[in-house]
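Take a look at the structure set out below.
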Protein chains: 2
Amino acid sequence: MVLDAAERVIARDGNGASLESIAVEAGVTKPVVYARVGSRAELSNALAARLAERLIAAAGAEVGSTSRFDRITLAAFFRSSLETIGAHRELFLYVTRGASDDTPERTLYLAGRSAGPLADLLTRWRTRRGDDVAVAVPWAYAIIGMLNLVSLWWIDEHDRPADVLADQLAELVWSGLAAGSHR
Amino acid sequence: MVLDAAERVIARDGNGASLESIAVEAGVTKPVVYARVGSRAELSNALAARLAERLIAAAGAEVGSTSRFDRITLAAFFRSSLETIGAHRELFLYVTRGASDDTPERTLYLAGRSAGPLADLLTRWRTRRGDDVAVAVPWAYAIIGMLNLVSLWWIDEHDRPADVLADQLAELVWSGLAAGSHR
DNA sequence: AGGCCATACTTACCGCGGGTAAGTTCTGCG
DNA sequence: CGCAGAACTTACCCGCGGTAAGTATGGCCT
């Protein structure tokens with residue numbers, strides 16, 4: 001699979017990953033990569049989709065298992081996301097701050113892939129509680145964006161443990177999430 | 001000033017802004033740009049610094065005027081940031097999702113420029129209230145990151161008014177910020 | 001079995017953009 | 001008047017994404 005090769009060379013070379021190096025890592029040549037996966041932008045999109053899938057899967061394993069949604073679950077969501085991102089540092093960097101001109105779309109696409117399910121979850125949860133639901137989408141993007149930048153910062157020097165950081169993030173937003181119409 | 005020319009051409013051409021087009025807009029040639037401002041990465045950095053300065057200035061005008069710090073102030077901070085970003089759409093896109101390989105550093109640099117003062121503010125505020133202060137830095141990054149992605153999403157299709165969105169963001173984090181040690 | 005077509009790959013190339021080396025004009029000063 | 005040096009321009013290199021044209025491989029029909 002070309003995408004696996006791409007991930008390997010990105011993990012190795014960081015953002016300097018060229019189509020050509022990916023091609024040789026995959027054991028083929030450039031036009032083949034182009035034929036299989038399309039342009040560089042589509043490659044980045046595909047990688048972004050995969051990473052998003054992994055994030056969602058990891059989060060789902062935490063959140064989906066319990067039917068409840070509480071502060072602990074939220075912190076677990078953050079922790080699993082942080083750890084997944086930390087396990088794919090270079091890929092995360094490549095995908096979020098990758099090259100190319102298409103980047104606004106891709107960043108939004110990647111974010112949307114995570115924010116969508118989160119927004120659904122929030123919508124269901126707040127509907128059940130009889131709370132206002134219009135905030136679900138912006139809040140989902142807010143939480144994902146928070147996670148994005150904090151991950152970047154966390155990756156790039158500070159080595160506090162993931163679970164501590166996750167708990168701090170949960171502390172920041174939990175009260176807001178939980179505060180209902182009964183303000 | 002070369003940077004002004006750069007902003008003009010970015011506002012016009014979006015991310016397709018090449019050094020050459022910036023040079024002709026500035027009325028000079030490429031090596032001159034290179035001599036004055038350094039590499040493309042440094043150009044992006046300088047632009048990022050300027051945008052951060054504007055954001056901080058706008059935020060300071062809102063937050064710094066009142067000595068208090070409450071939900072209203074927080075919402076005003078979000079609103080002014082959103083509006084500043086909205087007024088510099090293309091520049092914001094260029095700077096956050098710009099080209100090049102240096103991007104992790106630059107993104108962090110830009111974010112840090114905003115997150116730093118915010119972290120200071122949070123630290124002072126929570127010190128005065130006798131609350132834990134270790135969360136100030138991660139929270140500052142969290143809030144800036146939130147703002148980043150929400151801005152991207154907001155710019156790119158949804159036209160709800162800035163003040164509504166700002167209020168929703170404030171609602172999300174205010175309780176968390178305000179919740180003290182007396183959990 | 002032998003020739004033919006399609007598919008799939010490779011080699012070779014183009015264009016563009018960042019970066020730079022070498023040449024050229026302009027300015028001030030002896 | 002001539003010279004030194006700074007500042008700018010022209011002309012170029014290189015690397016990368018993208019593609020066109022050529023080449024091998026494998027099946028299929030006669």
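Chain A is the first sequence line, chain B the second, and so forth, proteins listed ahead of strands; every chain is numbered from 1. Computed from heavy atoms alone, side chains included, the values below leave out hydrogens, waters and symmetry copies.
The separation between A:R40 atom CZ and C:dC16 atom C1' is 15 Å, rounded to whole Å. Following rounding to the nearest Å, A:I22 (CD1) and D:dG18 (C1') show an atom-to-atom distance of 14 Å. A:E20 has its CD atom 11 Å from the P atom of D:dG15, to the nearest Å. Note: CG (B:L43) to P (C:dG17) measures 15 Å, nearest angstrom. For B:K30 and D:dT10, the NZ to P distance is 12 Å, given to the nearest whole Å. Separating the CD atom of A:E42 from the P atom of D:dG17 is a distance of 15 Å, rounded to the nearest angstrom.
Ion pair A:E25/A:R12 flagged as a salt bridge, since at least one NZ, NE, NH1 or NH2 atom sits closer than 4.0 Å to an Asp/Glu carboxylate oxygen. Comment: A:D167 engages A:R71 in a salt bridge, judged by a side-chain N to carboxylate O separation of less than 4.0 angstrom. Salt bridge annotation for A:E7-A:R50: present, with a cationic side-chain nitrogen under 4.0 angstrom from a carboxylate oxygen.
Within the structure, every side-chain polar atom (N or O) of B:Y34 is placed at least 4.0 Å from both OP1 and OP2 of C:dG18. Residue A:T29 places none of its side-chain N or O atoms closer than 4.0 Å to OP1 or OP2 of C:dC9. The shortest distance between the side-chain N/O atoms of B:R36 and the OP1/OP2 oxygens of D:dA7 is not below 4.0 Å.
Distances were taken from every side-chain heavy atom of B:V32 (C-beta onward) to each of C:dG19, D:dT9, D:dG17; the shortest belongs to D:dT9. Nearest nucleotide to the A:P31 side chain, out of C:dT10, C:dG19, D:dT9: C:dT10. The A:V28 side chain lies nearest to C:dT10 when the options are C:dT10, D:dG17, C:dG19. Distance from the side chain of B:S39 is smallest for C:dG19 among the nucleotides C:dT10, D:dT9, C:dG19.
B:W154 contributes a side-chain N or O that, together with a main-chain N or O of B:R160, makes up a donor-acceptor pair within less than 3.5 Å.
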